[in-house]
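Worksheet: one structure, shown below.
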Amino acid sequence: MSSKSTSKDVVTPAPTGSGEELDRLYRGYRDRLRRYVAANFGPGPPDPEDVVQIAFEKFAVREDRHAIESPEAFLARSARNYVLDQRRRQKVRSDHAEGEKILGALHDDCDAERVLSAKQRWQILERTIRAMDPRRQQVLIMNRIHGVSYAEIARQLKCSPTLVKMHAAQALVQCERALREAEEET
């Protein structure tokens, strides 16, 4: 909250713990507190108006509220703490939901049928790659497994990049064909 205050911004609490005191504080600080929350934490969530209400509720239930030297500072601190608590809770909920989503995906990915299918596909690909022309096999492994660019493969094998691309394309077509044929057999 701003340290600047004009004489009309100063609210003097009534000496008693009456409802008049709370009413006077509410009328005096409500708008400034809402602006403070909105300026420091944005429009929500939680909504700045709701935060103001909760801060005043916390103040109202205190038996020693008449002993609080700066009600405005107390209200600002209460509002700040409430917003931070709500954001922490939301982050925990969000993190938990994300964790559940990841665990669910991992569980789905690890079911026995999928594992078996992946193993079978890998065996088909492995047999297909082993049966390839050695040059085509080398290009596929260098590019797809080791991540070497076509230009670098061409330099290492002392051939044109076009030839490397052709070998890679043929190797991929051969792998796709083997997988499709295996799928059609089942």
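All values below come from the heavy atoms of this structure, side chains included, with hydrogens, waters and symmetry mates left out. Throughout, numbering of the chain's residues begins at 1 and tracks the sequence.
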For this session: Take Arg88 and Val92 through the side-chain contact (heavy atoms from CB on, under 4.5 Å) test and state the conclusion after the steps.
Result: CA-CA 6 Å; Arg88 271 189 225 108; Val92 167; 5.5 Å; no

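- Asp23 has a carboxylate O that lies under 4.0 Å from a charged side-chain N of Arg27, or vice versa, which qualifies the two as a salt bridge.
- In this structure, a donor-acceptor pair under 3.5 Å is absent between the side chains of Arg130 and Gln137.
- Sequence neighbours left out, the pairs with a member in residues 36-55 that pass salt bridge (charged side-chain N to carboxylate O under 4.0 Å, His left out) are Arg30-Glu49, Arg34-Glu49.
- Taking CD from Glu181 and CD1 from Ile124, the interatomic distance works out to 10.0 Å, rounded to the nearest 0.5 Å.
- When side chains are defined from C-beta on, Val148 does not count as touching Asn143, because their heavy atoms never get closer than 4.5 Å.
- Residues Pro43 and Pro48 share a closest heavy-atom pair of O-CD, 3.2 Å.
- A 6.0 Å sphere centred on CZ of Arg144 holds no more than 12 heavy atoms belonging to other residues, nucleotides or ligands.
- Two residues are said to be in side-chain contact when any heavy atoms from C-beta on lie closer than 4.5 Å; Leu84 and Phe41 meet this criterion.
- For the pair Ser94 (side chain) and Gln90 (backbone), a donor-acceptor distance under 3.5 Å is absent.
- Under a hydrophobic clustering in which Ile, Leu, Val, Met, Phe, Trp and Tyr are joined whenever their side-chain heavy atoms come within less than 4.5 Å, directly or via other members, Ile145 and Met142 fall into different clusters.
- Here the SG-CZ distance, from Cys159 to Arg135, works out to 5.0 Å after rounding to the nearest 0.5 Å.
- For Phe74, the ring pair (Phe, Tyr, Trp, His ring centres under 6.0 Å) partners are Phe59, not counting sequence neighbours.
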Problem set entry | Step-by-step side-chain contact (heavy atoms from CB on, under 4.5 Å) determination, Arg121 to Glu183 | CA-CA 9 Å; Arg121 290 173 58 87; Glu183 206 172 273; 4.2 Å; yes

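- Closest approach of Val37 and Ala79 over heavy atoms only: CG2-CB, 3.8 Å.
- Note on Met132 and Tyr150: separate hydrophobic clusters, where clusters join Ile, Leu, Val, Met, Phe, Trp and Tyr whose side-chain heavy atoms are under 4.5 Å apart, directly or indirectly.
- Between Met166 and Leu163 the shortest side-chain heavy-atom distance falls below 4.5 Å.
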Exercise. For Leu33 and Phe56, what are the C-alpha separation, side-chain angles and deciding distance, and is it a side-chain contact (heavy atoms from CB on, under 4.5 Å)?
Worked result: CA-CA 10 Å; Leu33 189 56; Phe56 273 97; 4.0 Å; yes

Exercise. Is there a side-chain contact (heavy atoms from CB on, under 4.5 Å) between Val139 and Leu157 once you walk through the steps?
Worked result: CA-CA 9 Å; Val139 167; Leu157 299 180; 3.9 Å; yes

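- Between Asp133 atom CG and Gln138 atom CD the span is 10.0 Å, to the nearest 0.5 Å.
- To the nearest 0.5 Å, atom CD of residue Gln170 and atom CZ of residue Arg177 are 9.5 Å apart.
- Around the CD atom of Glu126, the shell of radius 6.0 Å holds more than 12 heavy atoms that belong to other residues, nucleotides or ligands.
- Annotation: side chain of Arg136 is in contact with side chain of Gln174 (closest heavy-atom distance under 4.5 Å).
- The two atoms that bring Tyr36 and Ala76 nearest to each other are CE2-O, 3.8 Å, heavy atoms only.
- For the residue pair Pro46 and Val51, the shortest heavy atom distance occurs at CG-CG2, 3.7 Å.
- Partners of Arg155 according to the salt bridge (Lys or Arg N to Asp or Glu O under 4.0 Å) rule, which considers only residues two or more places apart in sequence or in another chain, are Glu152.
- For the atom pair Lys165 NZ and Ile153 CD1, the distance stands at 11.5 Å (nearest 0.5 Å).
- Within the model, atoms CD1 of Ile129 and SG of Cys175 stand 4.5 Å from one another, a figure rounded to the nearest 0.5 Å.
- A donor-acceptor contact closer than 3.5 angstrom links the side chains of Gln53 and Tyr26.
- Contact of the Ile141 side chain with the His146 side chain is registered, since non-hydrogen atoms from C-beta on lie closer than 4.5 Å.
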